[in-house]
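Note that the structure is a prediction, hence the values are computed from the model and not measured. One-based numbering, in listed order, for ligands and for the atoms of each. Along the sequence shown, residues are numbered consecutively beginning with 1.
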Amino acid sequence: MKQAIKLAVVGIGKIARDQHLPAIAAQPGFELVACASRNASVEGVRNYSDIDALLSAEPDVQAISLCAPPQVRYAQALAALDAGKHVMLEKPPGASVSEVKALHEIARARGVSLFATWHSRESNAVAPAREWLASKAIKSVEVRWKEDVRRWHPGQQWIWEAGGLGVFDPGINALSIVTRILPNEIALRGAVLTVPSDTETPIAAELDCIDTSGAPVRAFFDWRHGPVEEWAIDVDTDAGRLSIREGGKRLSIDGEETALGAEREYPALYERFHALIESKQDDVDVRPLQIVADAFLMGKRVETEAFGR
Ligand code: NAP
């Protein structure tokens, strides 16, 4: 049997504990040997306060999974790639599109794999939705991605700071699904960003896009929503409506609910990372981040009341 790839995780916070550590423990292709985090540590492995200390003490580590907020992604990824490690990036893959493209070029030059993950693309609705839509004419698309920020991001300051994306932090998950399931590319034509007077990033956003066949693609993101979140995508086609609900856990086609299996987004991501390393390939799709960047580029900013963070 082949030896497991020695892996380290950097940035031990909510998503590392909720998803990455359990998925790695269940994946025989990886062996978690070390972690780096300024304050947190993980039982049963060697712990370091930052990635540089980890890299100099652990020359046998072959792959690094980065789970800290996007503002520090580039520096951490660069250090890992320069040390010759394969790298997996949490979403969003960076705080800017250009830094992700630069990382991709560096990974290619070093001959290591770079995997820019989009966990929502691994939700069960996505593959059957993509397959069904492949042969349909798209008439219109509406995305509604709304949740209560105080419930889903309690105490997180980085989401409100430049590069933290604000409401696009969840909204980019919807964009990662839309760019995966639609048969055509989409282009941003306009946006409205609603920004509290005391934050650097938006609390709500409306995006106005068009696909290459001319179909309108509209997205509504809102962090002032509750108590029940709405993570929904409706695609109207010449053969009826396809609806994704609960962020990809439910799919209905022309009114018929489709049976989907149990959620396994993060196990699927680690399987793919392993396969990419074995086949010496990359997977870096910046399109969801590009649309967000375009919204910041084109969007009309509307100030709203202070959030009180
Ligand atoms: P988080 O818990 O706020 O942050 C993760 C950890 O990163 C923190 O606990 C912190 O650990 C470290 N960190 C924070 N700021 C840092 C800095 N400036 N420099 C170095 N390390 C820093 O955030 P999260 O919810 O896990 O999200 C992290 C990433 O995963 C984001 O890109 C997010 O979009 C993505 N994600 C989150 C979720 C979710 O449900 N939360 C779901 C999918 C994807 P130390 O203090 O120990 O260094």
### Query
Counting each atom of ligand 1 from 1 as listed, which ones have a heavy atom of Ala40 under 4.0 Å away?
47 (O)

### Task
Identify which one of Leu103, Leu89, Leu114 satisfies the side-chain contact (heavy atoms from CB on, under 4.5 Å) criterion when paired with Val284.
Leu114

### Query
At under 4.0 Å between heavy atoms, which part of Trp158 makes contact with ligand 1: side chain, backbone, both or neither?
side chain

### Message
Checking a contact table here: which protein heavy atom is nearest atom 19 (N) of ligand 1, and how many Å away?
### Response
Val72 CG1, 3.5 Å

### Query
Sub-3.5 Å donor-acceptor pair from the side chain of Asn47 to the main-chain atoms of Val42, do we have one?
yes

### Message
Yes or no: does Trp118 have any heavy atom under 4.0 Å from an atom of ligand 1?
### Response
no

### Task
May I ask you to decide if Leu269's main-chain N or O and Glu122's side chain share a donor-acceptor pair within less than 3.5 Å?
no

### Task
Give the atoms of ligand 1, by number and element, whose distance to some non-hydrogen atom of Pro70 is under 4.0 Å.
32 (O)

### Query
With a cut-off of 4.0 Å, which atoms of ligand 1 are near a heavy atom of Cys67?
5 (C), 28 (C), 29 (C)

### Query
Does ligand 1 have any atom sitting under 4.0 Å from a heavy atom of Arg73?
yes

### Task
Run the numbers on Leu193 and Phe168 for side-chain contact (heavy atoms from CB on, under 4.5 Å), then give the verdict.
CA-CA 10 Å; Leu193 311 181; Phe168 290 109; 3.7 Å; yes

### Message
Regarding His225 and Asp148, do their side chains bring together a donor and an acceptor under 3.5 Å, going by distance alone?
### Response
no

#### Entry: Nearest neighbour of atom 33 (C) of ligand 1 from the list His153, Gln19, Lys91, on a heavy-atom basis
Lys91

### Query
Do Tyr266 and Leu276 belong together in a cluster built from hydrophobic side chains that touch within less than 4.5 Å?
yes

### Task
Between Asp18 and ligand 1, find which residue part has any heavy-atom pair under 4.0 Å and reply side chain, backbone, both or neither.
neither

### Query
Quick one: nearest non-hydrogen protein atom to atom 13 (N) of ligand 1, plus distance?
Arg38 NH2, 3.3 Å

### Query
Out of curiosity, is Gly155 lining ligand 1, as in a heavy atom under 4.0 Å away?
no

### Query
What residue and atom, counting heavy atoms only, is the protein's closest point to atom 34 (O) of ligand 1, and at what distance?
Asp169 OD1, 2.6 Å

### Message
Any non-hydrogen side-chain atom of Trp160 less than 4.5 Å from a side-chain atom of Ile203?
### Response
yes

### Message
Between Gln71 (side chain only) and Trp158 (backbone N and O only), is there a donor and an acceptor less than 3.5 Å apart?
### Response
yes

## Note on the structure
Residue, atom and distance of the protein heavy atom nearest atom 11 (O) of ligand 1 read Ser37 OG, 3.2 Å

### Task
Find out whether the Lys NZ or Arg CZ of Arg301 is both under 6.0 angstrom from the six-membered ring centre of Phe296 and within 45° of the ring's axis.
no

### Residue Lys14 vicinity, atoms of ligand 1 by number, heavy atom under 4.0 Å
2 (O), 25 (O), 26 (O), 41 (N)

### Query
Is there any N or O on Asn39 that sits under 3.5 Å from an N or O of ligand 1?
yes

### Part of His119 with heavy atoms under 4.0 Å of ligand 1, whether side chain, backbone, both or neither
side chain

### Message
Quick check against the 3.5 Å criterion: does Trp132 have a side-chain atom that pairs as donor or acceptor with the backbone of Ile253?
### Response
no

### Task
Among all protein heavy atoms, pick the one closest to atom 25 (O) of ligand 1 and tell me residue, atom and distance.
Gln156 NE2, 2.9 Å

### Message
I want to check something: taking the side chain as every heavy atom from C-beta on, are Lys91 and Ile172 in contact at a cut-off of under 4.5 Å?
### Response
yes

### Query
Under 4.0 Å from ligand 1, counting heavy atoms only, is it the side chain of Ile15, its backbone, both or neither?
both

### Task
Before signing off on this row, confirm whether Pro69 and ligand 1 have an N or O atom pair separated by under 3.5 Å.
no

### Summary
A student checking ligand 1 against Ile12 at a 4.0 Å heavy-atom cut-off should list atoms 9 (O), 11 (O)

### Query
Has Arg180 got more than 12 heavy atoms of other residues, nucleotides or ligands less than 6.0 Å from its CZ?
no

### Tyr266: numbered ligand 1 atoms lying under 4.0 Å from its heavy atoms
43 (C), 44 (C)

#### Entry: Salt bridge flag under 4.0 Å for residues Arg241 and Asp234
yes

#### Entry: For Pro92, the ligand 1 atoms whose distance to one of its heavy atoms is below 4.0 Å
32 (O), 34 (O)

## Note on the structure
Quick note on ligand 1: atoms under 4.0 Å from a heavy atom of Gly13 include exactly 2 (O), 5 (C), 6 (C), 9 (O), 26 (O)

### Task
Would you indicate which of Glu90, Glu265, Arg17, Gln76 comes nearest to atom 36 (N) of ligand 1 when only heavy atoms are counted?
Glu90

#### Entry: Parallel, tilted or perpendicular: ring planes of Phe30 versus Phe273, cut at 30 and 60 degrees
parallel

